[in-house]
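Each chain gets a letter, A, B and so on, in the order the sequences are listed, and its residues count up from 1.
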Amino acid sequence: MLARISRLGIQAMRRATPGQNSLNDISRRHLVEAVTSHVNHMGKTFFCSNTSATSNDRSNELEAKISVTFIDKDSEEKLVKVPIGMSMLEAAHENDIELEGACEGSLACSTCHVIVTDVNYYNKLEDPVDEENDMLDLAFGLTETSRLGCQVIASPELDGIRLALPSATRNFAVDGYVAKSH
Amino acid sequence: MGRERLLLLHHATRRLLLLLPRSRGFSSSAGAAASSREPLHVCVVGSGPAGFYTADKMLKGHEEAQVDIIDRLPTPFGLVRSGVAPDHPETKIVVNQFSRVAANGRCSFYGNVTVGSDVSISELQKIYDVVVLAYGAESDRSLGIPGEDLRGIHSAREFVWWYNGHPDMCNLAPDLQSTDSAVVLGQGNVALDVARILLRCTSELAATDIADYAFDALRGNTIRKVYLVGRRGPVQAACTAKELREILGLKNVRVCIKEADLVTSTADEEEIRNSRIKRRVYELLSKAATAHKGYISNDQKELHFVFFRRPTRFLPAEDGSTVDAVQLEKTCLKDGVAGKPVAVGTGEFEDLKCGLVLKSIGYKSLPVEGLPFDNYRGVVPNLKGRVLSSESENATVESGLYVVGWLKRGPTGIVATNLHCAEETVAGILEDDKKGLFMGPGSKKQGRRGLLEILEQKNIRFVPFDGWEKIDSKEKMAGQLKNKPREKITTWDELLMAAN
């Protein structure tokens, strides 16, 4: 019986998105829960399962995740899985995406600025508060669908969202700079 | 004759050596054929955001880069430590990232080393492949009007350094007890910072990292009215929404803005339409003008926004040496260059009584020997960070010399502006490296070893990063006793002692 459970467990691990959770990360308790839920919810893909009674347990590594695509400033795309409740800034750092976060999420800078490429997803987000708008004012390469990555929190309706990092432009306007006449 | 042949032989041998196959594998960076597999020795002069972002991008962009960061102070981080106001601690969080850069094995910090006196630019060029100047702006624009050297008149930079415990300014001792009125000239974020520190209830400053002597001076201060004076109108004010929102919301401060000053011209409206920041700043000022009408309480302090006034002279008190008032000339706006309006005097004057004046009209960089300098703009002439021999059209690029931050762009922008500025400069350095500009005869540089030799020869007591860490932990421990994030050490001697 134990051998059967551990075989099921290993199969369940293999079905999880490759590269996400290594076997070492999962505690034995979670492994048993995963196996139980896998057995109980046959046919449902592993990484979307909501374990019922323990869904509020934050330490549960198998909570629901959404797909997020980051597009870096060289237009390279990276698809990552982000747990519900995690900010896009944290998600970027967990996945080695070069999104700066100078103030570490305290709404005191604009370095985690991301552009929501699809306006439909942008509209699903709650309006930015004054403090976020104040920081967006200063963001590099600001667009109509710009947000601060630390303020965009993963939720089910954002599954599939694509976020572009602003690319460096060559226009550095020096405030107050007056061109010299020759 | 013999010497020439020797030189030819020397150069030929070097070229031959460079052609020999390297023992290491291929570099993973594209176009690495021309770039050396030898370490790339980089020296960054200045350890504020510009310097640290440059070091960060350099380390990430070049596997063989060895980066040394030099600063004349024993403490790193530039204006993040000495410029950001004590009541803005979140803006200082970025030092965590900078500390991680300093901890990189290919990066070293050398504090208490002054370029220009301890080591020259040309000496640095001999020992490093790349020298990046990131030393910011440590001087001020001057008004050039009579009375500017009267007692009681300071630049905002000095005042900010004073309350932030910069060792060059710990003895400023501004007199905050002989007057009830302070005039701040300028309406940018630095002007708002100094006005806010003067107006804030000192109980709100008690748990910040403000220098202890400044906290004591502010506790006893008699200033009740602060005037923020700008040459132009609210649409041209250089401050941004967050700072404005904050000062307009200060406890027990009545804000006075004349509604007549808020009338906009067509040109103003065009400016507002084109700028999100200006639109929100203008809205905040308009709301404040109406909100505070008719609400007067005797214990309140006052913040006055004075527009369309430019200072023409400072008037002395009876003692002849202290400032007693500033004479202001009314202005009106005329079209300037590139769509930016300029203030023009109208010939109408008025005096504004005050005992303290803080000039916040802009920082200015200082020239250093061996570096071309544009005196008009107060920056090092450059093209996207590559230093040019002059600001004229026939200027040539100075090999191996780069510039970043305020020294490159002028003293504007926020901490994050330096991020993109550094990316641009580093992109230029990496391009030049790929073109092989740092190779060639006699180009093998000593880097760190060369610097340490010079410092030892001159007996310079430099402060390494772990020396700063000792200062840091002493400040934090002392701060804990007073419920402050840190109690700053504010004199040169004490800083150097704490670093050991």
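With a 6.0 Å radius and a threshold of 12 heavy atoms from other residues, nucleotides or ligands, A:N123 has its CG atom above the threshold. Few gaps surround CD on A:E157; more than 12 heavy atoms of other groups in view lie less than 6.0 Å from it. Within 6.0 Å of atom CZ in B:R231, 12 or fewer heavy atoms from other residues, nucleotides or ligands are found, so the atom counts as exposed in its surroundings. Shown here is A:E144, whose CD atom has no more than 12 heavy atoms of other residues, nucleotides or ligands within 6.0 Å.
A salt bridge between A:E100 and B:K57 is present, with a side-chain N of the basic residue lying under 4.0 Å from a carboxylate O of the acidic one.
Two residues are said to be in side-chain contact when any heavy atoms from C-beta on lie closer than 4.5 Å; A:D130 and B:K242 fail this criterion. Under the 4.5 Å side-chain criterion, counting only non-hydrogen atoms from C-beta, A:S106 is in contact with B:I93.
Looking at A:L136, both its backbone and its side chain come within 4.5 Å of chain B, counting heavy atoms on both sides. B:I277 touches chain A through backbone and side chain together, each having a heavy atom under 4.5 Å away. Heavy atoms of A:C109 lying under 4.5 Å from chain B are absent altogether. For a residue to count as touching a neighbouring chain, one of its non-hydrogen atoms must lie under 4.5 Å from one of that chain's; by this rule B:K60 touches chain A with the side chain only. Both the backbone and the side chain of B:T91 come within contact range of chain A, judged by heavy atoms closer than 4.5 Å.
Here B:A241 is the residue among B:A241, B:S275, B:P49 with the most heavy-atom pairs under 4.5 Å with chain A. Considering only heavy-atom pairs separated by less than 4.5 Å from chain B, the leading option among A:N133, A:L142, A:L107 is A:N133.
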Run the side chain to side chain contact (heavy atoms under 4.5 Å, CB included) check on A:T111 and B:L419 step by step: do they pass? CA-CA 8 Å; A:T111 57; B:L419 175 61; 4.0 Å; yes

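For the pair B:Q97 and A:A102, the tightest heavy-atom approach, listed with the atom from each and the gap, is OE1-CA, 4.0 Å.
In terms of modelled atom types and a separation under 3.5 Å, the side chain of B:R276 and the main chain of A:L138 share no donor-acceptor contact.
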